[in-house]
Protein chains: 2
Amino acid sequence: MAQLLQPEKGTPETGTTDPRILRSRRMLMDSLGRLLKKKEFEDISVQEIADDATLNRATFYLHYPDKNALLQAMTEARFRDLIKRRAITFTDCHGALRAIALGVCDYLAETTGCPSQLARMSLEGSIIPVVEGMFKEGLALHGTAPRVDTALLATTAAWAVFGAARRWFQTTNRVPAEEMAATIETVVSPVLFGASQQLESGNTEAPLV
Amino acid sequence: MAQLLQPEKGTPETGTTDPRILRSRRMLMDSLGRLLKKKEFEDISVQEIADDATLNRATFYLHYPDKNALLQAMTEARFRDLIKRRAITFTDCHGALRAIALGVCDYLAETTGCPSQLARMSLEGSIIPVVEGMFKEGLALHGTAPRVDTALLATTAAWAVFGAARRWFQTTNRVPAEEMAATIETVVSPVLFGASQQLESGNTEAPLV
DNA sequence: TTCTTGAATCGACAAATGTCTATTACTAAT
DNA sequence: ATTAGTAATAGACATTTGTCGATTCAAGAA
């Protein structure tokens, strides 16, 4: 048992094997998810979360520095799970970009739609890094001599995709997520794949959001 | 005196004329700015801010729902001020994009460099909308038939620019801001101006970050 | 000037936060 | 089975938070 409980303050280590730690964190995330269906995030206290999780309040602080860190962790875990379920292949880069965009749209629509809060959250901090990592992976496989630093492209594209998806989500009378994903692809793809070949995968109709 | 004090909860109305309100808000922002040079944001209490501003703590809550809202407001005000000082002309669109990118880089470097905090903040929520508004203005002047919704392009580009600038700022051994701004321009410009004419303004050397 | 409106102050309050120090319970290895 | 290490619990603590009602003060209009 040589586990540091909080190796990086505020960013709980996921590489733990101790079942007690996994269990506590899972229960805390689940409880927050449950409570978010009933109340606004701001109206939920750490005590409530701990109670719902049948854990002591001090245990909460053993894992997360505050409420926001838990929300962050929960969001990241859920998003990771969603994109893992739909295994995204990088055989077709444009298709991968569209699939990722769709994933972000779907995630926003499905999880933050509960009572309609957490739109103003620092979701940015949890789902953007995941998207960024996927782009980085994709660009590495692509293996073309990059115009600029690959990591910068990945970051930029990730923020662009998230910003666009977020805007779509906050819109009333949303267009279908698939359509939005296609639009995002056409707008963002030149960032990732130079400004050379776009419109290769058959979406020639002008996408108007 | 018919001023609603908080027309939108959490987003203090800027259209007030009452000198008392302006004065209080200015003093609170100034105090937060001062305190941020000494301590981390998390370690500053509302009481401290109010004391420094020689205002009652209750007065604080009359204007902002919490600390974060004040930080948000302060950030937005400062960034607005910075980009107003360097009047950005939209005669040359690519130049404008580069100038905006430079503005974001400079802002991050100059204001969040104090003791090095507020990097993890929801700055996103205050400076991205400003950038977005500038892009929207520029695209309106440009007046070309857009491939997609102009507002979406503005949002996407704003997030892309901010994300890239933020990454640059968090990097150790930063390249000069001007160089970064040029890189951001080449990466983001196809988002705004279709993927047709880039490299028109003489930056033909390959920018490597 | 006088009067009205509402911003700012003051004191007080319950609730929540974040941090301790034991103490207990359970995991993993010997 | 015993043991060492650490997660979880329990209770307590000083602070901070957000809100309230009552009061004072000042800006703008008559």
Side-chain angles (χ1 to χ4, degrees), chain A residues 1-7 9-32 35-36 39-73 117, chain B residues 1-32 35-36 39-73 117 120:
Chain A
M1 268 203 189
Q3 306 287 355
L4 243 36
L5 190 45
Q6 271 177 218
K9 170 107 178 174
T11 308
E13 175 63 64
T14 51
T16 330
T17 44
D18 193 321
R20 294 174 292 178
I21 294 181
L22 271 356
R23 178 175 182 269
S24 294
R25 293 185 182 164
R26 194 165 0 96
M27 291 177 84
L28 287 170
M29 292 189 199
D30 289 348
S31 292
L32 177 57
L35 291 170
L36 276 176
K39 336 174 73 178
E40 297 283 332
F41 178 71
E42 294 296 331
D43 296 333
I44 299 173
S45 72
V46 173
Q47 182 70 70
E48 279 181 285
I49 300 173
D51 284 348
D52 186 281
T54 60
L55 290 175
N56 194 277
R57 190 170 67 93
T59 307
F60 176 97
Y61 289 105
L62 238 35
H63 294 281
Y64 304 99
D66 55 34
K67 260 180 5 180
N68 297 298
L70 173 61
L71 178 57
Q72 194 96 353
Q117 75 285 33
Chain B
M1 269 198 198
Q3 305 288 357
L4 244 37
L5 190 45
Q6 270 178 222
E8 322 169 56
K9 171 106 177 175
T11 310
E13 176 63 64
T14 51
T16 330
T17 45
D18 192 321
R20 296 174 290 177
I21 294 180
L22 269 358
R23 178 174 182 271
S24 295
R25 291 185 183 164
R26 193 164 0 96
M27 292 177 83
L28 288 171
M29 291 188 201
D30 289 349
S31 293
L32 177 57
L35 292 170
L36 276 176
K39 337 174 71 178
E40 296 284 332
F41 178 71
E42 294 295 332
D43 296 333
I44 300 173
S45 72
V46 174
Q47 183 71 67
E48 280 181 286
I49 300 172
D51 284 348
D52 185 281
T54 61
L55 290 175
N56 193 277
R57 191 170 65 95
T59 307
F60 176 98
Y61 289 106
L62 238 34
H63 293 282
Y64 304 99
D66 55 34
K67 260 179 7 181
N68 298 297
L70 173 61
L71 177 59
Q72 194 97 350
Q117 77 285 30
R120 45 79 91 93

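Worth saying up front: this structure is predicted, and the values here are computed from it rather than measured. Proteins get letters first, then strands, A, B, ... in listed order; numbering begins at 1 in each.
At the phosphate of dA7(D), neither OP1 nor OP2 sits under 4.0 Å from any side-chain N or O atom of Ser24(A). The shortest distance between the side-chain N/O atoms of Tyr61(A) and the OP1/OP2 oxygens of dG18(C) is below 4.0 Å. Within the 4.0 Å cut-off from OP1 or OP2 of dA7(D), not a single side-chain nitrogen or oxygen of His63(A) is found. A sub-4.0 Å separation between OP1 or OP2 of dA7(D) and a side-chain N or O of Thr59(A) is absent.
Rounded to whole angstrom, the span from the CG atom of Asp51(A) across to the C1' atom of dA16(C) amounts to 13 Å. In this structure, Asp43(B) atom CG and dT19(C) atom C1' are separated by 13 Å, rounded to whole Å. Rounded to whole Å, atom C1' of dA8(D) lies 13 Å from atom CZ of Arg25(A). To the nearest angstrom, P of dT23(D) lies 16 Å from CG of Asn56(B). Taking atom CD1 of residue Ile49(B) and atom P of nucleotide dT17(D), one finds them 8 Å apart after rounding to whole Å.
At a cut-off of 3.5 angstrom, the base of dG18(D) holds at least one donor-acceptor pair with the side chain of Arg57(B).
Across all strands, Ser45(A) comes closer than 4.0 Å only to sugar-phosphate atoms, never to a base (heavy-atom distances).
When each of Ala58(A) and Ile44(A) is assigned the nucleotide of DNA chain C with its nearest heavy atom, Ile44(A) is the one assigned upstream, toward the 5' end.
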